[in-house]
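Notes follow once the structure below has been shown.
Position 1 is the first residue of the sequence; numbering continues from there.
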Amino acid sequence: MGQMVTAAWLVTFVLVGQTTAADQLQKEDAGKSMAEAPEKQAPPDDNQARMAETAKSKAEVLEKKAAPQGSKVLPTPTQIITKPQAQAVDPTGEESLDDAITCLARSIYWEARGEGDAGMEAIANVIMNRTGHEGFPNTICGVVKQDHEHGACQFSWWCDGRSDDATEEEPYSHAKEIARKALNRQLQDRTGGALFFHNRKLTPIWSKKYIKTVVVGEHVFYKPVDVEAK
C-alpha cells in the first residue's frame with residue numbers, strides 16, 4: 001500500500017513539474033515575441049499618399065530648375081524622385097492634372113503610348129525643353145495646357161473633348177517612370193533640342209517655319225532656327 005502511494009506521489013510530482021516548465025517556456029516565448037514585435041506600420045494607403053506628396057513636392061523644385069531662370073544645376077540625391085514615389089502619384093490615372101508628374105506622364109501616355117522608350121522619351125524631351133525655353137510657361141502643366149483658353153491646344157489630347165484619364169495601367173506606369181527620369185534630368189535629349197512635333201502622317205503648315213531635327217517613332221521633331229541643339 002505504501003509503495004502505491006509513493007508511486008502515485010511521484011507521478012503527480014513529475015506531471016506538475018512538466019506543467020510548470022511548459023508554462024514557463026510559454027511565458028518566455030510570449031515575452032520574446034512581444035520584445036521582437038515590429039513597430040506598428042502605417043496602412044498602405046497612408047504610405048502611398050505620403051510618397052505621392054513627396055514626389056509632387058520634389059517635382060515642383062525640379063521643374064523650377066528647368067525653367068529659363070532656373071539654376072540648371074543637377075538635382076541633389078535628396079531632390080531626386082524615386083520610382084516608388086513617382087508610381088504613387090495618380091495611381092488610378094483619374095486624378096486632376098494639377099502637378100508636374102501627372103501632367104507630364106499623361107502627355108507621354110496619350111502622345112506616344114505603344115511606341116517604346118524612344119518615342120515616349122522624345123515627347124518628354126519636348127515638354128522639358130519648352131519648360132526651359134523663353135516664350136513658354138515655366139511649369140510643366142502650364143506647357144501642357146497652353147492656349148487651351150484660346151481653343152487651340154498645343155497638345156491635342158488635352159482639348160479634344162474626350163476623357164483624359166489613363167485607362168491602361170502598364171503603359172501609364174511606364175509613362176510615369178519616364179516622367180520621373182525627365183524631371184530628374186536622367187534622360188538623353190533624343191530630339192536635338194526640339195520644341196515642336198507632329199505625327200509623321202501629317203504635314204502641318206507651321207512645320208515649314210522650323211528646322212527638322214529628327215524622326216523618332218511616329219513623330220517628326222522641329223526646333224526654331226535660333227535654337228541650338230541641347
Side-chain angles (χ1 to χ4, degrees), residues 48 51-52 55-56 58-59 62-63 66 81-132 136-137 139-148 152-204 207 212-223:
Q48 187 175 49
M51 285 194 295
K56 291 177 183 180
K58 288 182 176 181
L62 296 175
E63 69 178 349
I81 303 168
T82 67
K83 185 172 183 178
Q85 288 169 350
Q87 292 301 322
V89 176
D90 189 24
T92 63
E94 299 174 348
E95 293 183 6
S96 300
L97 278 81
D98 296 324
D99 68 274
I101 295 174
T102 301
C103 285
L104 184 53
R106 293 281 187 92
S107 296
I108 296 167
Y109 173 86
W110 282 114
E111 296 288 352
R113 74 188 190 281
E115 288 193 29
D117 285 356
M120 297 175 81
E121 288 177 8
I123 300 300
N125 292 152
V126 169
I127 295 172
M128 296 303 296
N129 289 346
R130 287 190 176 192
T131 306
F136 290 96
T139 67
I140 288 171
C141 286
V143 167
V144 171
K145 300 176 183 180
Q146 188 177 16
D147 288 340
H148 177 258
C153 291
Q154 297 290 309
F155 297 88
S156 59
W157 68 269
W158 171 241
C159 60
D160 60 5
R162 302 175 183 176
S163 171
D164 299 324
D165 295 347
T167 57
E168 299 169 75
E169 183 178 354
E170 186 173 346
Y172 188 49
S173 176
H174 193 44
K176 286 194 285 186
E177 172 61 4
I178 291 174
R180 178 185 79 86
K181 290 180 178 179
L183 282 160
N184 287 341
R185 296 171 66 182
Q186 295 170 328
L187 291 183
Q188 169 193 355
D189 187 351
R190 297 176 178 272
T191 71
L195 298 175
F196 308 95
F197 66 89
H198 64 76
N199 189 284
R200 64 193 306 175
K201 296 177 182 178
L202 305 174
T203 307
S207 64
K212 182 169 75 173
T213 60
V214 69
V215 177
V216 182
E218 296 299 316
H219 296 93
V220 186
F221 295 84
Y222 300 83
K223 67 178 182 180

By side chain to side chain contact (heavy atoms under 4.5 Å, CB included), which residues pair with E94, not counting sequence neighbours? T92, D165

Any sub-3.5 Å donor-acceptor pair from T213's side-chain atoms to F221's backbone N or O? yes

Of all the heavy-atom pairs spanning P204 and S207, show the shortest one and how long it is. O-OG, 2.7 Å

Nearest heavy-atom approach of M128 to A182 is CE-O, 3.8 Å

When you compare the side chain of V144 with that of L104, does any pair of heavy atoms fall below 4.5 Å? no

Taking the side chain as every heavy atom from C-beta outward, state whether I123 and H219 have any pair of such atoms under 4.5 Å apart. yes

Provide the closest heavy-atom pair for G142 versus P137 in the form atom of the first, atom of the second, distance. O-CG, 3.4 Å

Would you give the length of the straight line joining atom NZ of K181 to atom CE of M120, rounded to the nearest 0.5 angstrom? 11.5 Å

Is there a side chain to side chain contact (heavy atoms under 4.5 Å, CB included) between I140 and R130 once you walk through the steps? CA-CA 8 Å; I140 288 171; R130 287 190 176 192; over 6 Å; no

Is the shortest heavy-atom distance from the side chain of V143 to the side chain of Q154 under 4.5 Å? no

Find out whether L195 and F136 are in side-chain contact, i.e. whether some heavy atom of one side chain is under 4.5 Å from a heavy atom of the other. yes

State the CG-SG distance between D164 and C103, to the nearest 0.5 angstrom. 10.0 Å

Check this for me: Q186, atom CD, are more than 12 non-hydrogen atoms of other residues, nucleotides or ligands nearer than 6.0 Å? yes

Tightest non-hydrogen contact, residues K201 and N199, listed as N-OD1, 2.8 Å

Between E115 (side chain) and E218 (backbone), is there a donor-acceptor pair under 3.5 Å? yes

Can you run down the salt bridge (charged side-chain N to carboxylate O under 4.0 Å, His left out) pairs that involve residues 95-109, sequence neighbours left out, and say none if there aren't any? K56-E95, D90-R106

What's the spacing between T131 OG1 and L183 CG if we round to 0.5 Å? 8.5 Å

Between CD of E168 and CD of E170, what distance do you get to the nearest 0.5 Å? 9.5 Å

Check: K145 side chain, L97 main-chain N or O, donor-acceptor pair, under 3.5 Å: yes

Donor-acceptor pair, distance only, cut-off 3.5 Å: does the side chain of D189 make one with the backbone of N125? no

Working note: V220 + K212, criterion side chain to side chain contact (heavy atoms under 4.5 Å, CB included); need CA distance, chi angles, decisive distance, verdict. CA-CA 7 Å; V220 186; K212 182 169 75 173; 3.2 Å; yes

Just wondering, do D117 and H174 contact through their side chains at under 4.5 Å, heavy atoms? yes

Indicate yes or no: at least one non-hydrogen side-chain atom of Q87 is less than 4.5 angstrom from one of S173. yes

Measure up the Y109 and Y172 rings against each other and bin them: parallel (under 30°), tilted (30 to 60°), perpendicular (over 60°). perpendicular

Verdict with supporting geometry, F155 and I127, side chain to side chain contact (heavy atoms under 4.5 Å, CB included): CA-CA 10 Å; F155 297 88; I127 295 172; 3.7 Å; yes

Between K176 (side chain only) and V89 (backbone N and O only), is there a donor and an acceptor less than 3.5 Å apart? yes

Are side-chain heavy atoms of I81 and I101 found at a separation under 4.5 Å? yes

Roughly how far, to the nearest 0.5 Å, is the CZ atom of R180 from the NZ atom of K83? 7.5 Å

What is the minimum heavy-atom distance between M51 and P84, and which atoms define it? SD-CB, 4.0 Å

Can you find a heavy atom in the side chain of H198 that is under 4.5 Å from one in the side chain of Y222? yes

Assign the ring pair W157 / W110 to parallel, tilted or perpendicular, where the plane angle (0 to 90°) is split at 30° and 60°. parallel

What heavy-atom pair brings A105 and A179 nearest, and what distance separates the two atoms? N-CB, 4.0 Å

